[in-house]
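Worksheet for the structure shown next.
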There are 2 protein chains.
Amino acid sequence: MSNTVTNFTQRTINYEKLLGDFKVLLKKNNLKFTIQREVILETLYNSDEHLTPELLHHLLQDKFPELKIGIATVYRTLSLLEDSAMVTSLSFGAQGKKYELGAKDHHDHLICTICGNITEFVDEEIEERQHKIADELGFTMQDHSMQIYGICKNCKQ
Amino acid sequence: MSNTVTNFTQRTINYEKLLGDFKVLLKKNNLKFTIQREVILETLYNSDEHLTPELLHHLLQDKFPELKIGIATVYRTLSLLEDSAMVTSLSFGAQGKKYELGAKDHHDHLICTICGNITEFVDEEIEERQHKIADELGFTMQDHSMQIYGICKNCKQ
DNA sequence: CTTCTTTTGAGAATTATTATCGCTATTATA
DNA sequence: TATAATAGCGATAATAATTCTCAAAAGAAG
Ligand SMILES: [Mn+2]
Ligand SMILES: [Mn+2]
Ligand SMILES: [Zn+2]
Ligand SMILES: [Zn+2]
């Protein structure tokens, strides 16, 4: 059990709970609950992918054309959600960031350098070592991110 | 020994060797050995920091004002060096990349979220686990990067 | 409703990075 | 060393990603 690599695909929180948390957060900070913020949260929730702001914006335009959500609102809301730790971002070697809802359990990423696909995993041994290392070096650890780059099964053919 | 966290500060290659390698690399690819490429390599070698292209450009302007090195040359040369695996880059949550000479041994990073300082470390246990994980998931691992974010000793006061 | 405040979309501005181009420096070779 | 061929250079224009500005619209509270 302690040596296995686990793949996450399941959500660990339901949408109603998530939305409730979001509303509480907003109220606590004197922010308003807007339709834009709601549909952005919902769209993130319903996506299993890691989304760029641009891709998220396209999804929103497709699903909610009547709202005409602006790209600035997407950026603003992603920042808000990230600051509140409701989403996390992943920055790649090259350009841009990708966001995902943080309502999943913590995990790290295996990224195919050819097709760009991302496999998620978590390894308890590594998680433990990270804490030990931060302690030893006098850091109060807040977060960490780890990416393994390689060529996936498909791309090896 | 196998449970210790090691801090790297020393170089593992001397400059003459590095420069020789660079010249070989250039010749092999029909690229020319220019004074700009040389001083960029030298400046990277003499810096212990992780440099942004912009900061590197400033350093070059200070040390070699007569060359009037352009920012485009800095970007071009960093890309060349990265493609040739002579430097590696680190991309942060927010904006931009930072580069460092890859002539040091491989290591990961502990980054202070307040002052931005970077501590380097390597942990053999983690390195091993990373290989195992890639194998298990059918990836041919090419590289990896790991950052631990936290608050450093100084900033805790 | 009315008032007060926050948020929004559009588009301008900014920042980081890359592309273009005419001139210059390097390299190979005679 | 002189010459010719070619790659690299700096300046600057162009792009791409992100942030800012601002007037109008929407949400919260009473
Ligand atoms: Mn993920
Ligand atoms: Mn480093
Ligand atoms: Zn792939
Ligand atoms: Zn610090």
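So you know, we letter chains A, B, ... as the sequences are listed, proteins then strands, and number each from 1. Note that the structure is a prediction, hence the values are computed from the model and not measured.
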message: Holding to ring pair (Phe, Tyr, Trp, His ring centres under 6.0 Å), I want the full list of residues that pass it with A:His144, two or more places apart in sequence or in another chain.
response: A:His106
message: Distance check needed: C:dT26 P versus B:Phe22 CZ, whole Å only.
response: 14 Å
- prompt: C:dC23 P sits how many Å from B:Lys68 NZ, rounded?
  reply: 17 Å
query: How long is the line joining CD of B:Glu38 and P of C:dA25, in whole Å?
result: 16 Å
- prompt: Between A:Asp83 (CG) and D:dT19 (C1'), how many Å, whole number?
  reply: 14 Å
query: Residues from residues 75-82 of chain A sitting under 4.0 Å of DNA chain D, heavy atoms only?
result: A:Tyr75, A:Arg76
Using residues 23-33 of chain B as the side-chain source, report each donor-acceptor pair under 3.5 Å to any protein atom, sequence neighbours left out, with the distance given to one decimal.
none

- prompt: Of the nucleotides D:dC20, C:dT17, C:dT8, which has the atom closest to the B:Pro53 side chain?
  reply: C:dT17
message: Can you list everything that forms a salt bridge (Lys or Arg N to Asp or Glu O under 4.0 Å) with B:Glu82? Sequence neighbours excluded, please.
response: B:Lys97
statement: Applying side-chain hydrogen bond (donor to acceptor under 3.5 Å, both in side chains) to A:Arg76 and not counting sequence neighbours gives A:Thr73
- prompt: Whole Å only: how far is the CG atom of B:Leu55 from the P atom of C:dT17?
  reply: 13 Å
message: Strictly by salt bridge (charged side-chain N to carboxylate O under 4.0 Å, His left out), give each pair with a member in residues 35-45 of chain B just once, sequence neighbours left out.
response: none
task: Tell me, please, which residues at least two apart from A:Lys17 pass salt bridge (Lys or Arg N to Asp or Glu O under 4.0 Å).
output: A:Asp21
task: Tell me what A:Ile71 touches on the nucleic acid: a base, only sugar-phosphate, or nothing, going by heavy atoms under 4.0 Å.
output: nothing
query: Could you give the NE2-to-P distance, from B:His57 to C:dT15, as a whole number of Å?
result: 17 Å
- prompt: Within this structure, what is the CG-to-C1' distance between A:Leu56 and D:dT18, rounded to whole angstrom?
  reply: 15 Å
task: For B:Lys132 and B:Glu127, indicate whether the former's side chain and the latter's backbone hold a donor-acceptor pair under 3.5 Å.
output: no
- line: Protein-proximity profile, nucleotides 25-30 of chain D, B/S/- by nucleotide at the 4.0 Å heavy-atom cutoff, equals -BBS--
field: Separation of C:dT17 C1' from A:Lys97 NZ (nearest whole Å)
entry: 18 Å
query: Which residues satisfy the ring pair (Phe, Tyr, Trp, His ring centres under 6.0 Å) test with B:Tyr15, sequence neighbours excluded?
result: B:Tyr45
task: Answer whether the closest heavy-atom distance between the side chains of B:Thr43 and B:Leu56 falls below 4.5 Å.
output: yes
